[in-house]
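Because only heavy atoms are used, hydrogens play no part in the values below, and waters and symmetry mates are left out as well, while side chains stay in. Below, chains carry the letters A, B, ... as their sequence lines are ordered, and counting in each starts from 1.
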2 protein chains.
Amino acid sequence: MASSKKPAPEDMRQRILEEATRRFGDHGYGETSIDSIAEAVGIRKPSLLYHFSSKEKLREEVMHNMMERWKEDLPRLLTAATGGHDRFESTIMAVIEFYLDDPTRARLSVREAMDRPDALKKALKENLQPWIALITDYIRWGQKIGICHADVDPEAYVIHVLLASISMVAFTPVAEAIAGTTAKKSLARQKKELVRMAREALFVDGAEIPDGA
Amino acid sequence: MASSKKPAPEDMRQRILEEATRRFGDHGYGETSIDSIAEAVGIRKPSLLYHFSSKEKLREEVMHNMMERWKEDLPRLLTAATGGHDRFESTIMAVIEFYLDDPTRARLSVREAMDRPDALKKALKENLQPWIALITDYIRWGQKIGICHADVDPEAYVIHVLLASISMVAFTPVAEAIAGTTAKKSLARQKKELVRMAREALFVDGAEIPDGA
DNA sequence: CCTACCGATCGGTAGG
DNA sequence: CCTACCGATCGGTAGG
């Protein structure tokens with residue numbers, strides 16, 4: 001019981017990072033004082049500044065952290081499923097799940113897009129673009145063999161599906177207000193409908209997928 | 001030339017409102033000082049506080065203003081077009097245009113959704129829901145007569161299209177980073193693809209629309 | 001519409 | 001990891 005009040009010996013850095021991530025996502029960078037983060041993890045402001053030399057440095061590490069998670073999860077997401085329609089649907093579901101798993105990620109992405117567009121742009125180009133290219137190449141191949149609609153704009157399509165995945169998690173209150181249901185039920189409906197829309201908008205009805213994909 | 005420096009006699013209130021709208025959208029409420037708004041319209045902070053008794057009151061009026069624009073434009077948007085496929089597409093295009101016309105609206109909507117979810121939820125319920133019901137009713141009718149896919153979730157569908165319209169305008173940098181084009185070109189592509197996706201996801205291919213709609 | 005000013009809060013430093 | 005403290009900025013008021 002003596003160790004219940006100060007249980008953190010060396011993972012303090014990690015605890016600060018997690019608390020900062022949550023608060024930056026929930027309230028935004030400017031609205032979050034490093035003092036409130038320090039208090040939440042049970043230390044004083046100058047002690048926090050020993051671990052992260054400035055608030056800006058803390059922000060950079062929070063964002064770097066989220067990008068690392070993306071880089072860890074992406075390969076698994078993109079290679080997990082079987083192939084053809086199924087592969088596509090489970091990929092989309094995995095992307096949604098990435099944000100659903102931890103809504104803070106969605107909110108943090110939205111805030112970064114609003115407040116530091118250039119920084120996010122650069123990070124996306126470096127970390128996400130190669131994987132996007134993999135998907136757009138697949139769509140173009142699908143168009144050639146006739147399983148994907150010919151008039152799909154592959155890049156624009158992928159962007160819309162990605163933004164929709166983030167939006168449905170970050171903006172649940174909007175969906176609740178319109179659909180008039182609870183957050184949980186609303187999210188389940190939004191997810192199912194997004195997967196359906198993405199499928200219907202991409203694949204030609206009734207088209208068969210060849211064996212090797 | 002003598003009147004070029006102080007051209008504002010009585011529309012000062014409106015000028016403050018417009019400047020506040022732009023800055024709240026661009027940088028967020030918390031990041032915008034009323035001092036910077038006052039400076040931008042050429043007066044001092046206490047003078048601004050004569051027109052709007054507090055920063056919070058200013059925020060309320062900014063949001064009220066945007067909702068009024070919505071209420072003005074909505075009826076026109078929903079009744080403008082011809083009917084069936086065409087009517088639907090031009091309605092979606094009009095919604096996109098509403099935000100494209102003034103990207104600040106999209107950014108302001110996103111920030112309000114993030115920072116004051118309950119306030120936005122209430123405003124949407126009061127102002128938007130009746131119109132949403134009109135569209136979902138139309139979809140359900142379309143499903144009955146077989147021109148809309150039977151497995152569409154009308155509410156979830158409308159929410160996704162609305163969020164996508166806002167997102168493509170508010171998050172252009174993301175689209176630029178992924179598509180690798182300029183903002184203008186990227187927006188044109190995103191708009192065209194969203195309209196296509198919305199159509200393909202809703203209507204049964206090759207179905208005919210009856211005369212009276 | 002102004003000058004002058006207030007108390008609170010912020011990020012960050014000194015020094016231990 | 002702490003106490004003590006700094007200069008800057010904030011929203012808002014007094015008083016004219």
Margin query: As a quick check of understanding, evaluate salt bridge (charged side-chain N to carboxylate O under 4.0 Å, His left out) for Asp115(B) and Arg111(A), giving each step before the final call.
Written below: CA-CA 10 Å; Asp115(B) 297 337; Arg111(A) 291 200 186 275; 2.9 Å; yes
Next item on the list: Under a 3.5 Å limit for both distances, which nucleotide forms a Watson-Crick or G-U wobble pair with dC6(C), could you say?
Entry: dG11(D)
Notebook entry, point to check: Do side-chain atoms of Ser36(A) reach the backbone of Thr32(A) as a donor and acceptor pair under 3.5 angstrom?
Noted result: no
Report the distance from atom [atom1] of [X] to atom [atom2] of [N], rounded to the nearest whole Å.
X	N	atom1	atom2	result
Phe52(B)	dG11(D)	CZ	P	15 Å
Tyr50(B)	dG12(D)	OH	P	18 Å
Lys57(B)	dG11(D)	NZ	P	16 Å
Glu56(B)	dG12(D)	CD	P	9 Å
Glu39(A)	dC1(D)	CD	C1'	16 Å
Leu49(B)	dG16(D)	CG	P	19 Å
Glu31(B)	dC10(C)	CD	P	13 Å
Arg13(A)	dC1(D)	CZ	P	12 Å

Selection from [options] that lies nearest to any side-chain heavy atom of [X]:
X	options	answer
Met12(A)	dA4(C), dG11(C), dC1(D)	dC1(D)
Lys45(B)	dC1(D), dG11(D), dC1(C)	dG11(D)
Pro46(B)	dT3(C), dG11(D), dG12(C)	dT3(C)

Check: Contact class for Ser36(B) vs. all strands (heavy atom < 4.0 Å): base, sugar-phosphate, or nothing?
Finding: nothing
Checklist line | Side-chain donor-acceptor contact under 3.5 Å, Gln143(B) with His149(B) | finding: no
Next item on the list: For the pair Glu19(B) and Arg22(B), find out whether any cationic side-chain nitrogen is under 4.0 Å from an anionic carboxylate oxygen.
Entry: yes
Note to self: I'd like to know whether Asp153(A) forms a salt bridge (charged side-chain N to carboxylate O under 4.0 Å, His left out) with Lys192(B), so could you lay out the CA-CA distance, the side-chain angles of the two residues, the decisive distance to 0.1 Å, and finally the verdict.
What the structure shows: CA-CA 9 Å; Asp153(A) 181 333; Lys192(B) 195 178 167 195; over 6 Å; no
Checklist line | Lys55(B) (side chain) and dG12(D) (base): donor-acceptor pair under 3.5 Å | finding: no
Notebook entry, point to check: Does a nitrogen or oxygen in the side chain of Ser33(B) sit under 4.0 Å from OP1 or OP2 of dT9(D)?
Noted result: no
